[in-house]
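Notes follow the structure.
One is the number of the first residue; the rest follow in order along the sequence.
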Amino acid sequence: QVQLVESGGGLVQPGGSLRLSCAASGSIASGNAMAWYRQAPGKQRDVVASITSGGNTAYADSVKGRFTISRDNAKNTVNLQMNSLKPEDTAVYYCNAGGLRRGSWYVEGDYWGQGTQVTVSS
């Protein structure tokens, strides 16, 4: 059974930084790509960043130049470094594993973390 555990959320001021981490356990038999999603109140859960097993990254336009996704295959973890945070970044952030990448398009996998709250406010 695959489990994803997320950490690193919290309250930060606009312009601040935060680093999220997701640790996966268990054997993933599907795709090797991973991603971070976010969901704000009244909004759909959408991908913000994804990464292939080879380290190729893709980002939503809203976070390009501010967020960086990375992974450690030995530890089976994926991270999201968030800089220059804005109030509109406020959301619950979710890790997804077992996905596939088709160019910059991320096809979500079946495995989700529990979510971690990120609040950007002064």
Side-chain angles (χ1 to χ4, degrees):
Q1 176 76 292
V2 174
Q3 292 186 344
L4 305 180
V5 179
E6 300 156 333
S7 62
L11 174 65
V12 295
Q13 295 183 346
S17 297
L18 207 60
R19 185 174 184 267
L20 307 182
S21 182
C22 172
S25 62
S27 181
I28 301 175
S30 52
N32 291 323
M34 302 181 74
W36 284 97
Y37 286 69
R38 68 184 181 188
Q39 186 171 30
K43 297 282 191 174
Q44 182 176 310
R45 185 183 299 186
D46 291 324
V47 64
V48 297
S50 64
I51 186 167
T52 69
S53 61
N56 293 320
T57 60
Y59 300 92
D61 288 341
S62 59
V63 306
K64 285 181 180 177
R66 300 188 298 117
F67 290 11
T68 302
I69 188 171
S70 61
R71 67 188 294 165
D72 185 333
N73 291 332
K75 296 181 179 180
N76 209 19
T77 60
V78 61
N79 303 303
L80 186 68
Q81 178 66 46
M82 304 183 293
N83 299 326
S84 302
L85 283 162
K86 305 174 180 179
E88 50 263 46
D89 295 319
T90 296
V92 178
Y93 284 71
Y94 299 89
C95 178
N96 179 264
L100 298 170
R101 274 273 294 279
R102 297 289 183 265
S104 62
W105 179 262
Y106 182 76
V107 181
E108 71 180 42
D110 294 332
Y111 311 108
W112 293 94
Q114 80 285 353
T116 184
Q117 176 71 48
V118 172
T119 302
V120 185
S121 176
S122 59

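- Residues Trp36 and Cys22 have side chains in contact (heavy-atom distance under 4.5 Å, counting atoms from C-beta outward).
- With contacts defined as side-chain heavy-atom distances shorter than 4.5 Å, the pair Phe67/Leu80 qualifies.
- The existence of a salt bridge linking Lys86 and Asp89 is excluded, since no basic side-chain nitrogen approaches an acidic carboxylate oxygen closer than 4.0 Å.
- Of the possible polar contacts, none joining the Gln39 side chain to the Gln44 backbone as a donor-acceptor pair under 3.5 Å is found.
- For the pair Asn56 and Ile51, the minimum side-chain heavy-atom distance is 4.5 Å or more.
- In terms of the side chain to side chain contact (heavy atoms under 4.5 Å, CB included) criterion, residue partners of Ser70 (sequence neighbours excluded) are, by chain and number, Asn79.
- For the 3.5 Å distance criterion, the side chains of Arg101 and Ser50 qualify, holding a donor opposite an acceptor.
- More than 12 heavy-atom neighbours from other residues, nucleotides or ligands sit within 6.0 angstrom of CD on Gln114.
- At a threshold of 4.5 Å between non-hydrogen side-chain atoms, the residues Arg45 and Arg38 do not count as touching.
- You'll find the side chain of Met82 stays beyond 4.5 Å of the side chain of Val63, heavy atoms only.
- With a 4.5 Å cut-off between side-chain heavy atoms of Ile, Leu, Val, Met, Phe, Trp and Tyr, the cluster of Val92 takes in Tyr37, Val47, Tyr94, Tyr106, Trp112.
- A donor-acceptor contact shorter than 3.5 Å links the side chain of Asp72 to the backbone of Lys75.
- Val48 and Leu100 are members of different hydrophobic clusters when ILVMFWY side chains are connected at heavy-atom separations under 4.5 Å.
- Other members of a hydrophobic cluster containing Val5 are absent, since no ILVMFWY side chain comes under 4.5 Å of it, directly or through relayed contacts.
- Pro14 and Ser122 make their closest contact through CD-N, 3.7 Å (heavy atoms, listed as atom of the first residue, atom of the second, distance).
- Under the 3.5 Å distance criterion, the side-chain polar atoms of Glu6 are matched with a main-chain donor or acceptor of Cys95.
- Considering only residues two or more places apart in sequence or on other chains, Tyr93 meets the ring-ring contact (aromatic ring centres under 6.0 Å, His included) condition with none of them.
- What you find for Asn32 and Ser53 is that their closest heavy atoms are CB-CB, 3.8 Å.
- How far CG of Asn76 is from CG of Leu4: 8.5 Å, rounded to the nearest 0.5 Å.
- Note: Arg19 CZ to Ser7 OG = 8.5 Å, rounded to the nearest 0.5 Å.
- In plain terms, the two heavy atoms of Met34 and Ala97 that are nearest each other are CE-CB, 3.9 Å.
- Atom OG of residue Ser62 and atom CG of residue Asp46 lie 9.0 Å apart, to the nearest 0.5 angstrom.
- Across all non-hydrogen atoms, the minimal contact from Ala91 to Ala40 is CB-N, 3.9 Å.
- A donor-acceptor contact shorter than 3.5 Å is absent between the side chain of Thr90 and the backbone of Thr119.
- For the pair Thr52 and Thr57, the minimum side-chain heavy-atom distance is 4.5 Å or more.
- Residues near Leu11 contribute nothing to a hydrophobic cluster around it, because no ILVMFWY side-chain heavy atom sits closer than 4.5 Å to its side chain.
- Proximity of Val118 to Val120: side-chain heavy atoms (C-beta onward) are separated by under 4.5 Å at one or more points.
- Under the side chain to side chain contact (heavy atoms under 4.5 Å, CB included) criterion, Asn83 pairs with Ser17, Gln81, not counting sequence neighbours.
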